[in-house]
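Whatever order the structure lists them in is the order used to number ligands and atoms, beginning at 1. In this chain, residues are counted from 1 in sequence order.
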Amino acid sequence: MDTNRLSKTISNALNEQMTREAHASQIYLSYAAWAANSGFDGIANFLFRHAQEERNHMMKILEYILERGAKVKIKAIPAPDGDPESVNNCFEKVFKSEVDNTTEIYKLVKLSLDEQDWATWNFMQWFVKEQTEEETMALKMLNKIKIAGGEKAKDDALYTLDKDLASTPDDARLAEDVTTQNP
Ligand code: OFO
């Protein structure tokens, strides 16, 4: 008896998206390490928390594939594209990475619509909302950096921004509070 409730196309696309979320986590991780090395501990903290969020997204997809009786395929995660050149550039890269991921999420929504796979369509709506929030987060950061001077931001302005970010609440919660249903 076939208990797999996902089509081959949907299951492949979900597996690819799962790896993409892991890739997004590696990107945040590499930028966080760059920020820590550059002395921006507040920014580093913020980015480390987001790396964890992306990993939770990966797990959320993994669990969904299993729940639907399909096969999970764990693949190699592509390396991040290198260190940012500045704080401004760091958040430009974050924004671009989020927009790229949104594009892929939308493709999956379209695919589930075309196949009339309403369970997957419904599952993907959480990601649509999440991407909107993350794009907004990156956009707000870029605006703050712009006010501080953008690429020409002075050290004292970046120092204040870094301090602010250390205490900025965001969606990320403590690892022990997080479940894959509620990342
Ligand atoms: Fe996975 O939420 Fe952003 O990319």
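Using cut-offs of 30° and 60° on the angle between ring planes, the pair F40 and W34 is tilted. Between F46 and H50, the two ring planes are tilted [angle within 30° to 60°].
Excluding waters, the set of protein N, O or S atoms lying under 2.8 Å from atom 1 (Fe) of ligand 1 comprises E21 OE1, E54 OE1, H57 ND1.
Residue pairs meeting the salt bridge (charged side-chain N to carboxylate O under 4.0 Å, His left out) criterion with at least one member in residues 21-39: none, sequence neighbours excluded.
Residues passing the side chain to side chain contact (heavy atoms under 4.5 Å, CB included) test with E16 are R20, sequence neighbours excluded. Legend: residues meeting side chain to side chain contact (heavy atoms under 4.5 Å, CB included) with N45, ordered by chain and number and at least two apart, are R49.
E98 contributes atom OE1 as its closest N/O/S atom to atom 3 (Fe) of ligand 1.
Side-chain contact, N101 with E134: no donor N or O sits under 3.5 Å from an acceptor N or O.
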